[in-house]
Every structure is written in structure tokens, then in C-alpha cells.
Amino acid sequence: MTETKVDLSKYENRLGRKHQMIRLLWSITWTLLASWLPRSVGRGWKNFLLRVFGAKIAKTAHVYSSAKVYYPPFLTMGEYSCLASDVDCYNVAPIIIGANTTVSQGAYLCTASHDVTSPLNPLITAPIVIEDQAWIGAKAYIGMGVTIGQGAVVGATASVYKDVEPWTIVGGNPAKFIKKREIKENA
């Protein structure tokens, strides 16, 4: 077996200058105009800023001030969806968050990785889809290419690397099926 070595001296950021400039302007804008606001104040203002930078966000969506959105043009949020405090939305590829969906505190949504089979470790990406009525628990990790089905719940601190079926509850690392999610009628 021949020994191949990783050589990052030839690594190139394939995202390009335009992407980097938008990222720089976005980071400055969010830092100066939104990140210092109390977490639940200024929803309309924060949504406006995200829309100016290309996000597709419903009027009733809520992005907390401490949430980090890497690249607004790749973010879509439905009605009454939420990115809570300290969510890291690393959307190098699109992230779609459905209506009535919550991404809880400290969750990490990651659409990128690197091809570890190549000596150059090139960037690879795949979108994340979180369907309507889902709930991502605190400090959960959702990996690239994952779809969280409608009504599914990802437990706190779970790590999800594969699609989650609709109306199920998963937890652990890696996340595993716990039980079906059933909504009780109001008493």
C-alpha cells in the first residue's frame, strides 16, 4: 500500500471572492446593527437585514440576535419558525426551515465538510431541510445533506447524520429512533 499524504499547501477556497465579500459585509452589518439587541427585540428589523442580504424569511419568523447566519442568501425560513439564541447556521449550502419549526439554543446546522479521501481536502456541501412543525433541541448537531421530516423532534445534544423520519423523536450520538411523536388534543 502506497502512503499518500495530505498536502494543504494547494488548498483553494472554491467559494470565490464575491461570496467572501458578501460574507464580510454581512458580518459587519449584523454585528453593528443587530447582534447587540436583546435576544427577542427587533424581529422585523433583523428580518429586514437578512432579506436585504438575500434571505427568504417569512414576516413571522424569528432570528435571535445571538444567532449566527453564515450566508443569508442560502437561508429560507417559514412562518413562525425560529433560530434561537446562539444557533450557528453554517449555511455554505442552502438551509430551509419550515413553518412552525424551532431550532433551539446552541444548535449547530452544518452544510459543509471536507472530502477526507482527497489529499487536498476540498470543501463539500449539501443542503439541510428541516420540514414544518419540527423541533431541533438545544445544542443538537445537524449535518450536511440531512432532512428532518415534518413534525420530527431531535433531542438536546443529539448528532444527526442521516435523515429523520416525519413525526419521530430521535436522540443520542449518532441520533437513533426513540419513539413516534404524537400530539395530544387540547384538554
Side-chain angles (χ1 to χ4, degrees), residues 14-15 19 22-23 26 43 46-47 50-51 53-64 66-118 121-184:
R14 70 172 179 85
L15 298 176
H19 180 94
I22 291 170
R23 282 267 315 117
W26 167 247
R43 177 175 60 188
K46 290 181 277 189
N47 288 354
L50 284 157
R51 279 190 210 100
F53 278 84
K56 295 165 207 71
I57 297 193
K59 281 187 176 185
T60 58
H62 197 104
V63 178
Y64 281 42
S66 62
K68 292 183 229 164
V69 175
Y70 178 81
Y71 192 65
F74 288 163
L75 178 63
T76 301
M77 293 179 70
E79 297 288 338
Y80 302 102
S81 59
C82 176
L83 288 180
S85 300
D86 300 314
V87 168
D88 194 340
C89 183
Y90 187 56
N91 57 337
V92 179
I95 290 181
I96 300 167
I97 299 169
N100 299 294
T101 292
T102 298
V103 180
S104 294
Q105 296 85 345
Y108 186 45
L109 310 178
C110 186
T111 62
S113 187
H114 294 272
D115 180 357
V116 297
T117 65
S118 167
N121 286 350
L123 184 71
I124 55 175
T125 64
I128 292 172
V129 176
I130 304 172
E131 295 181 349
D132 296 349
Q133 304 174 65
W135 180 17
I136 308 302
K139 298 191 177 184
Y141 172 86
I142 310 299
M144 59 183 269
V146 169
T147 296
I148 306 295
Q150 180 180 2
V153 174
V154 173
T157 74
S159 294
V160 181
Y161 303 99
K162 296 180 180 178
D163 292 352
V164 175
E165 293 295 317
W167 299 101
T168 60
I169 300 171
V170 300
N173 182 5
K176 292 186 176 18
F177 174 82
I178 296 173
K179 66 180 184 178
K180 292 296 256 176
R181 180 183 184 194
E182 295 179 21
I183 303 293
K184 297 178 182 175

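The figures that follow rest on heavy atoms only: side chains count, while hydrogens, waters and symmetry mates do not.
- Nearest approach of Ala152 to Val164, heavy atoms of both residues: CB-CG1, 3.7 Å.
- Rounded to the nearest 0.5 angstrom, Ile97 CD1 and Cys89 SG are separated by 5.5 Å.
- For Phe177, there are no ring-ring contact (aromatic ring centres under 6.0 Å, His included) partners at least two apart in sequence or on another chain.
- Met77 is not listed as a side-chain neighbour of Leu50, based on a closest heavy-atom distance of 4.5 Å or more.
- Put simply, the side chain of Cys82 reaches to within 4.5 Å of the side chain of Tyr64, judged on heavy atoms.
- Applying the side-chain hydrogen bond (donor to acceptor under 3.5 Å, both in side chains) definition to pairs two or more places apart or across chains, those involving residues 127-147 are Ser104-Trp135.
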Check against side-chain contact (heavy atoms from CB on, under 4.5 Å), Val146 and Lys162: CA-CA 6 Å; Val146 169; Lys162 296 180 180 178; 5.8 Å; no
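- The nearest pair of heavy atoms linking Gly149 to Ala134 is O-CB, 4.0 Å.
- With respect to Ile128, the side-chain contact (heavy atoms from CB on, under 4.5 Å) criterion is satisfied by exactly one of Ile96, Thr111, Asn91, Ile148: Thr111.
- Taking both residues in full, the closest heavy atoms of Lys180 and Ile169 are given as O-CD1, 4.3 Å, listed atom of the first, atom of the second, then distance.
- Judged as a side chain to side chain contact (heavy atoms under 4.5 Å, CB included), and not counting sequence neighbours, the contacts of Ile22 are Lys18, Phe53, Tyr71.
- Here Asp88 pairs with Lys68, Tyr90, Tyr108 under the side chain to side chain contact (heavy atoms under 4.5 Å, CB included) rule; sequence neighbours left out.
- The shortest heavy-atom contact between Ser81 and Gly78 is OG-O, 2.6 Å.
- Atom OG1 of Thr125 sits about 11.0 Å away from atom NE2 of His114, to the nearest 0.5 Å.
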Does the side-chain contact (heavy atoms from CB on, under 4.5 Å) test come out yes or no for Trp167 and Ile183, once each step is laid out? CA-CA 9 Å; Trp167 299 101; Ile183 303 293; 3.8 Å; yes
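- Going from atom NE2 of His62 over to atom NZ of Lys46 covers 4.5 Å, rounded to the nearest 0.5 Å.
- The closest donor-acceptor contact from the side chain of Ser159 to the backbone of Asn173 lies at 3.5 Å or more, if one exists at all.
- The SG atom of Cys110 sits 11.0 Å away from atom OH of Tyr70, with the distance rounded to the nearest 0.5 Å.
- A distance of 6.5 Å separates CD1 in Ile142 from CG in Leu109, rounded to the nearest 0.5 Å.
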Run the side-chain donor-acceptor check on residues 54-61: report pairs under 3.5 Å with partners two or more places apart or on a different chain.
| from | atom 1 | to | atom 2 | distance (Å) |
| --- | --- | --- | --- | --- |
| Thr60 | OG1 | Glu79 | OE1 | 2.4 |
| Thr60 | OG1 | Tyr80 | N | 2.9 |

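- Nearest heavy atoms, Ala107 versus Gly137: CB-O, 4.1 Å.
- With sequence neighbours excluded, the residues forming a side chain to side chain contact (heavy atoms under 4.5 Å, CB included) with Ile124 are Ser113, Asp115, Met144, listed by chain and number.
- Using a 4.5 Å heavy-atom threshold, the side chains of Ile136 and Val160 count as separate.
- Looking at every heavy atom in both residues, Gly171 comes nearest to Ile178 through N-CD1, 3.5 Å.
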